[in-house]
Amino acid sequence: MIKIAELSKSYGPQVLLDKVSFNINEGDRVGLVGRNGSGKTTLFRILLGNEEPDNGEVAIPKDYTIGYLEQHLQFTQPTVLEEACLGLPPDKEYDHWRVEKVLFGLGFTEEDMHRPPGEFSGGYQIRLNLTKTLVGEPDLLLLDEPTNYLDIVSIRWLEKFLRAWQREFVLITHDRQFMDAVTSHTLAIHRCKVRKIEGKTAKLFNQIMQEEEIYEKTRRHEEKKQKETEIFIRRFRAKARLAGMVQSRIKSLDKQKKMEQLDKISDVEFSFPNAEFPGQEMLNTEELGFAYDTALPWLIEKLNFSLGPRERIAIIGKNGKGKSTLLRLLAGELTPNTGRIRQHARLEVGYFGQTNIQRLNSENTIEDELITTDPNRSRERARSVAGVMLFSGDQALKKISVLSGGEKSRVMLGKLLLKPTNLLLLDEPTNHLDLESCESLLDAMQDYAGSIMLVTHDEIFLHTLAEKLIIFDRDRVLFYHGRYQNFLEDIGWQNEEIQKEPGIRHPASAGQVTPDKLHRAGPAIFSVKVDQAPIPERKEISSGEKKALRQARAKLNQEKSKALRPVEAKVKKTESMIDTLEMEISRNNDRMVEAATTGDTQAIAELPKKNKDLQIQVDFLYRELEKVHHALDVQVRMYDKKMKAIEAG
């Protein structure tokens, strides 16, 4: 067990930690949350002994080992496998199979085992460092944003790995779903203090919010009582018969501890301005193909898809397969080798790319950089957006060259808030954002009136936003007409092992694509091919043929009933879910009226948000219901045609 007692840390006038105390107990799996700059990484450095606290004590048991994901890249061994084996504990130095298992899980191939570490990209070199950390089996793992360098398949593997971890770990990540999936406790750095609870992030955030609301109500009540006391003292100070009461009130006022008003904590507030779009199709691709080297396997071959207004398409897959390349093609930064991209004349694109940060002018101030994007060249507007992105006041005059990676990302996102668009191309926009900023970004993307094409490994964004998918997997590109959960259940990721944990939904047969599964990847939940062959003219038939006809009809009706039963059940279930949700919305509306009457501020704050979430579910279910009805109509028409064909002989 690690004990932290009365720990304080400041940098000049900036206080990060103020007399904080908490324990990391045996088996604790802790998610560490807090806004950017709150001191999360500093706390890691103190635990590692790389930073000294100003005051307080950190008690670590003797022989207790701590593993940390190093960002420093320095390798001494000739191959990836040999380098990774350096992380093995002394008593397991020959267990190379443990190392290979982790390397494969993090995306390395059999061929990669014997390649020099220096040949790999920075992201894969970080994965190599992560492997060395994981195989070392330390008593405590410290993981600072490990998912930033992983693709979605590797993130899902790491989630399973951490679920099975038997010791302690502390995890910093902007991916709330990933954090909640692997942790047992949540530790928050908030207003320079630390709060730790057993449970998930939402539970802790709700506790903090409720406590601060109670504090603020109490503060206002005490302030009101203090003013009333001061008025009483002033009014009756000269009244001799009330002198004793006045003196009592004066003493009471002197003893009363003043409750300071809580400082307002600024959040990033995204809101993407929309440019009206008049058409029915924004862009489409025809047999799109691209390769950086045509002598090597192509990244994209014969990709065909179209994008309409207010659509949400997620581009997913392993790193290095072509996701960012596709966005660069759509943004006009690259030219296709084959095929073409057609764009509507009124298309206005906003593009956030992984390499765009490098294009910021390092000599510009934040304000000047934002002005370059503002079509009105308004310094006031640029300063306003800088404030929204947490660069308030003179911070907007900081030069780009002194900003961190996360701050530069916020500048790039800020530039998208200045230019009206109707299509956003976003390449992993959540990297370097904290949890609160990610949630604000997700809300803004849901509210955006234009269309979005998004590259992300964050599964909460995929489950919440994506209506269609472009999937880079199995050495090809698949355009999938369905949501992310449907993809996991229908197809799944290649070679991904099926997880066995209860309560988790998994692909029925991950890594194995059957014709039926690919067939169901069409625009409807149930998709069938309708026979369009002409029906021959009716002719006279014998009694034996009539009997055969009756049998054929009966068999077809039986087949029809069996085929339609699950679709009709799906219709009934979806309609029932819609009714339930709409009834809950109605009840919440009644509760809001009651809360407004009674002054229940907590209910007034929470109920509109609940109704917004419920309405999103209702809207999704109506879209699903329309698809299922369409599938039902298609099947009914198909069986009608078959029956006519039977009767025509």
Side-chain angles (χ1 to χ4, degrees), residues 103-112 121 123-124 127 147 149-161 175 177-178 285 287-292 296-305 307 312-330 339 354 426-428 453-463 465-499 504-523 527:
L103 287 170
F104 291 147
L106 294 178
F108 290 89
T109 65
E110 184 71 45
E111 294 75 20
D112 292 336
S121 66
Y124 270 86
R127 294 186 192 200
T147 63
Y149 307 95
L150 303 180
D151 55 44
I152 192 167
V153 178
S154 299
I155 290 172
R156 289 167 65 82
W157 178 89
L158 181 60
E159 179 182 321
K160 288 188 287 184
F161 185 93
D175 187 336
Q177 179 167 305
F178 179 81
T285 66
E287 300 292 296
L288 185 67
F290 183 82
Y292 289 101
L296 298 175
W298 287 35
L299 292 175
I300 300 169
E301 280 192 274
K302 297 182 179 180
L303 178 60
N304 297 284
F305 73 92
L307 177 73
R312 305 290 189 262
I313 298 179
I315 304 169
I316 60 176
K318 293 184 177 181
N319 286 345
K321 298 299 183 181
K323 302 185 303 295
S324 299
T325 298
L326 177 57
L327 278 195
R328 293 183 67 191
L329 286 164
L330 298 176
Q354 291 188 41
L426 304 175
D427 192 356
E428 297 191 48
M453 294 192 68
L454 169 72
V455 173
T456 184
H457 304 305
D458 191 322
E459 291 197 317
I460 197 166
F461 274 70
L462 293 174
H463 285 296
L465 278 178
E467 299 162 346
K468 300 175 184 176
L469 306 171
I470 296 176
I471 304 158
F472 287 78
D473 197 33
R474 298 174 174 85
D475 297 320
R476 64 192 181 97
V477 186
L478 168 69
F479 189 82
Y480 182 80
H481 292 264
R483 302 186 73 88
Y484 182 60
Q485 185 63 43
N486 300 130
F487 161 72
L488 293 179
E489 293 170 349
D490 285 348
I491 301 175
W493 294 105
Q494 184 181 26
N495 299 327
E496 184 179 55
E497 295 177 3
I498 302 175
Q499 300 178 32
I504 307 295
R505 300 175 72 184
H506 312 289
S509 182
Q512 299 177 16
V513 184
T514 66
D516 176 61
K517 288 180 179 179
L518 288 176
H519 193 52
R520 288 179 60 194
S527 179

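Predicted model only: the values in this text are computed from it and were never measured.
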Exercise. Side-chain contact, heavy-atom cut-off 4.5 Å: Lys302 with Leu288?
Worked result: no
Exercise. Would you say the side chain of Phe479 lies within less than 4.5 Å of the side chain of Ile313, judging by non-hydrogen atoms?
Worked result: yes
Problem set entry | Approximate separation, where rounding is to 0.5 Å, of Ile470 CD1 and Leu478 CG | 9.5 Å
For this session: For side chain to side chain contact (heavy atoms under 4.5 Å, CB included), just list the numbers for Lys321 and Leu299, CA-CA rounded to whole Å, side-chain angles, deciding distance to a tenth of an Å, and then say yes or no.
Result: CA-CA 6 Å; Lys321 298 299 183 181; Leu299 292 175; 5.6 Å; no
Exercise. So do the side chains of Arg127 and Asp151 get within less than 4.5 Å of each other, counting heavy atoms only?
Worked result: yes
Exercise. Can you list the steps and then say if Phe472 with Val455 is a side chain to side chain contact (heavy atoms under 4.5 Å, CB included)?
Worked result: CA-CA 11 Å; Phe472 287 78; Val455 173; over 6 Å; no
Exercise. Out of Glu467, His463, Glu459, which residue meets the side-chain hydrogen bond (donor to acceptor under 3.5 Å, both in side chains) rule with Tyr484?
Worked result: Glu459
Exercise. Hey, are the side chains of Tyr480 and Asn486 touching, using non-hydrogen atoms and a 4.5 Å cut-off?
Worked result: yes
Exercise. Does any non-hydrogen side-chain atom of Phe161 lie less than 4.5 Å from one of Leu106?
Worked result: no
Exercise. With a 4.5 Å heavy-atom cut-off, do Ile491 and Arg474 have their side chains touching?
Worked result: yes
For this session: Decide side chain to side chain contact (heavy atoms under 4.5 Å, CB included) for Thr456 and Leu465; before the verdict, give the C-alpha distance in whole Å, the side-chain angles of both, and the deciding distance to 0.1 Å.
Result: CA-CA 11 Å; Thr456 184; Leu465 278 178; over 6 Å; no
For this session: Check whether any side-chain heavy atom of Asp112 lies under 4.5 Å from a side-chain heavy atom of Leu103, and answer yes or no.
Result: no
Exercise. Between Ile152 and Lys323, is a side chain to side chain contact (heavy atoms under 4.5 Å, CB included) present by the stated rule, with each step listed?
Worked result: CA-CA 12 Å; Ile152 192 167; Lys323 302 185 303 295; over 6 Å; no
Problem set entry | Reported CH2-to-CG distance for the pair Trp298 and Asp475, which is rounded to 0.5 angstrom | 16.0 Å
For this session: Please report the closest heavy-atom contact between Gly107 and Ser154, naming both atoms and the distance.
Result: N-OG, 3.8 Å
Exercise. Can you tell me how far CD of Glu428 sits from CG of Asp458, rounded to the nearest 0.5 angstrom?
Worked result: 10.0 Å
For this session: Please round to the nearest 0.5 Å and tell me the distance separating atom CZ of Arg312 and atom CG of Leu469.
Result: 14.5 Å
Exercise. Considering only heavy atoms from C-beta outward, does the side chain of Phe290 approach that of Leu326 to under 4.5 Å?
Worked result: no
For this session: Quick one: closest heavy-atom pair of Asn319 and Tyr124, and the distance?
Result: O-OH, 4.2 Å
Exercise. Which distance, rounded to the nearest 0.5 Å, do you find between the CG of Leu330 and the OG1 of Thr325?
Worked result: 11.0 Å
Exercise. Under the 3.5 angstrom rule, does the side chain of Thr147 hit a backbone N or O of Ile155 as a donor-acceptor pair?
Worked result: no
Exercise. When rounded to the nearest 0.5 angstrom, what is the spacing between NE2 in His457 and OH in Tyr149?
Worked result: 12.5 Å
For this session: Could you pull out the closest heavy-atom pair between Thr109 and Phe104, with the gap in Å?
Result: C-CE2, 3.8 Å
